[in-house]
Amino acid sequence: MIDIKKLRDNLEGIESSLSKRGYKIDKSSFKSLDKKRKELQIDVESLQAERKTLSSDFGKLKASGKDTSDLKSVIDKNNHDLETKDVELQNILDEVNSLMLDIPNVPDESVPEGKNEDDNVVIKKYGEIKSKNTLDHLEITTHIDTDLAAKLAGSRFAVLKGDIAKLQRALITFMLDEASNNGYQEFYLPYIVNKESLIGTGQLPKFEEDQFKVSDRLYLSPTAEVQLTNMFRDKILDDIELPIKVTAHTSCFRSEAGSYGKDTRGLIRQHQFEKIELVQITHPTNSMDCLNDLLKNACQILDKLELPYQVIELCTGDLGFSSAKTFDIEVWMPSQNKYREISSCSNFSDFQARRSNIKFKDKKGNTFAHTINGSGLAVGRTLIALLENRFNGNDEIDLPECLVSYFGSKKVKLK
RNA sequence: GGAGAGUUGGCUGAGUGGUCGAAAGCGCCUCCCUGCUAAGGAGGUAACUGGGCAACUGGUUCGAGGGUUCGAAUCCCUCACUCUCCGCCA
């Protein structure tokens with residue numbers, strides 16, 4: 001949710017910012033709605049003030065045992081007027097609100113302009129592409145079994161066996177340790193979350209069909225961003241606590257309703273996958289520094305894993321709904337001969353904080369915080385990248401140095 | 001699954017129809033006092049939001065939503081959540 005005051009004060013400015021990301025705001029309907037809102041609100045509030053004094057007069061009259069019927073008819077009229085005006089006001093407020101909920105976040109000034117993903121900007125490439133391998137991960141190892149998973153659950157699931165299952169476990173521990181070393185407090189979280197939480201981080205109401213619903217009010221969490229951010233929902237933090245850095249490993253669940261036929265093979269796009277998430281709650285003045293910090297934390301993991309990757313900055317046209325600025329980290333996937341997203345690091349400015357009511361307190365008063373998050377990293381995709389980049393035709397691969405102690409051996413058996 | 005008790009400000013917790021946005025305590029802020037520290041004293045301290053250049057001045061909010069009433073934190077209904085005991089269980 002963007003700030004309605006900013007919209008009132010600077011409609012043209014917001015309009016041009018939003019047009020850069022391809023969103024056209026309905027200026028004239030906002031203006032006329034807001035004008036009506038103002039008139040009605042003034043009416044309603046003065047009628048409410050009137051009711052207060054009339055009611056207290058009524059009480060006094062009654063207490064002194066005098067006749068109240070004249071006053072009663074005045075009160076009745078006032079209440080009747082109030083009710084009609086109030087209904088009108090509520091209707092207008094509902095309209096304003098749904099208009100506001102539909103408006104995406106305003107891109108940061110620094111975000112490169114562009115229409116779609118073709119206009120994203122490669123910031124830097126890291127590591128050397130050495131692999132000559134063309135086989136994909138399902139061809140490299142027999143220990144990723146999607147048929148078996150289909151028997152148990154359905155498509156877009158996987159069973160990992162033996163060393164591959166163990167390697168996933170090692171990766172999770174490694175990534176969590178990296179996050180802890182970088183100052184993130186580790187959490188273990190519920191995988192099921194309520195509606196309020198999903199609304200807070202922006203998955204609801206707009207993206208309901210992407211979620212797995214387990215009951216009337218409960219959903220499987222699509223990312224630990226939801227839990228880690230909503231821990232601070234409805235809180236007023238102390239400014240000296242900022243930035244707050246938190247992390248967790250969770251299984252993540254996505255229905256992938258909109259991706260029929262996309263990445264149907266293997267581990268790339270699953271209904272259930274493992275992810276380590278990094279979240280920071282920051283002061284508005286240095287949130288961009290915090291984003292760079294978080295990006296560095298995520299990149300560092302790929303550096304240690306010795307995997308080639310690139311960092312791209314999303315252009316205005318490709319930004320997610322809630323994001324003000326996003327860097328994607330893409331790891332080299334030899335079988336596809338291209339880079340694939342393995343982490344998305346975003347500054348949401350006060351967009352999520354406004355929805356989830358996360359504030360901090362300083363001498364000037366209470367202000368919405370900024371929220372930052374990114375994966376550190378997506379575990380399944382990291383696993384694939386390791387297999388594909390390190391495969392050299394044998395029945396086992398060598399692990400990078402950083403994983404050896406976590407895995408307990410230097411070699412991973414593929415068959 | 002059965003039975004019961006709750007949900008009030010940053011926290012603890014009083015408040016059963018108007019004088020209640022709300023006692024008291026804790027915490028926090030300002031000041032006073034004391035050579036430092038400890039203790040003590042005075043005052044202040046909820047959030048959200050409208051109008052106004054401003055001084056200022058309205059409104060809303062006591063888990064959520066309805067209802068009764070001239071008037072609801074307080075009475076009634078529905079829902080959500082939390083806790084305790086019993087049962088079951090990793």
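Computed from a prediction, not measured in an experiment: that's the story for all the values here. Throughout, protein chains are lettered first and strands after them, A, B, ... in sequence-line order, and every chain is numbered starting at 1.
- Taking atom CD on E196(A) and atom P on C79(B), their separation rounds to 17 Å, with Å as the unit.
- Here K52(A) reaches the OP1 or OP2 of U60(B): one of its side-chain N or O atoms lies under 4.0 Å away.
- The residue among K5(A) and S56(A) whose nearest nucleotide of RNA chain B lies closer to the 5′ end is S56(A).
- When rounded to the nearest whole Å, the span between CG of D9(A) and P of G52(B) equals 12 Å.
- Salt-bridge annotation for K206(A) and D102(A): present, with a side-chain N of the basic residue lying under 4.0 Å from a carboxylate O of the acidic one.
- The shortest distance between the side-chain N/O atoms of R8(A) and the OP1/OP2 oxygens of G50(B) is below 4.0 Å.
- N366(A) comes within 4.0 angstrom of sugar-phosphate atoms only, judged by non-hydrogen atoms across all strands, and of no base.
- The phosphate of A47(B) has neither OP1 nor OP2 within less than 4.0 Å of any side-chain N or O from N357(A).
- Rounded to whole Å, atom C1' of G50(B) lies 14 Å from atom CD of Q90(A).
- Under a 4.0 Å N-O distance rule, the pair K115(A)/D119(A) does not qualify as a salt bridge.
- Residue-environment remark: CD (Q336(A)) exceeds the threshold of 12 foreign heavy atoms within 6.0 Å.
- Side-chain N/O atoms of R37(A) include one lying less than 4.0 angstrom from OP1 or OP2 on G51(B).
- In RNA chain B, the stems built from three or more successive Watson-Crick or G-U pairs (distances below 3.5 Å) are B:1-7 with B:80-86, B:10-12 with B:24-26, B:27-32 with B:40-45, B:46-51 with B:56-61, B:63-67 with B:75-79.
- Per the geometry, NZ belonging to K361(A) stands 9 Å off C1' belonging to C28(B), to the nearest Å.
- Counting non-hydrogen atoms under 4.0 angstrom, I75(A) reaches the backbone sugars and phosphates but no base.
- Between K359(A) and C48(B), a side-chain N or O to OP1/OP2 separation shorter than 4.0 Å is present.
- A salt bridge does not link K361(A) to D238(A): none of the charged side-chain nitrogens sits closer than 4.0 Å to a carboxylate oxygen.
- The C1' atoms of A54(B) and A47(B) are separated by 24 Å, rounded to the nearest whole Å.
- The phosphate of C70(B) has neither OP1 nor OP2 within less than 4.0 Å of any side-chain N or O from N78(A).
- Taking side-chain N and O atoms only, K38(A) has no distance below 4.0 Å to OP1 or OP2 of U49(B).
- With contacts defined as side-chain heavy-atom distances shorter than 4.5 Å, the pair Q90(A)/L93(A) qualifies.
- The pair R37(A)-D34(A) meets the salt-bridge criterion, since a charged nitrogen lies less than 4.0 angstrom from a carboxylate oxygen.
- If you take CG of D57(A) and C1' of G18(B), they are 12 Å apart, rounded to a whole angstrom.
- A straight line from NZ of K235(A) to C1' of C11(B) spans 11 Å, rounded to a whole angstrom.
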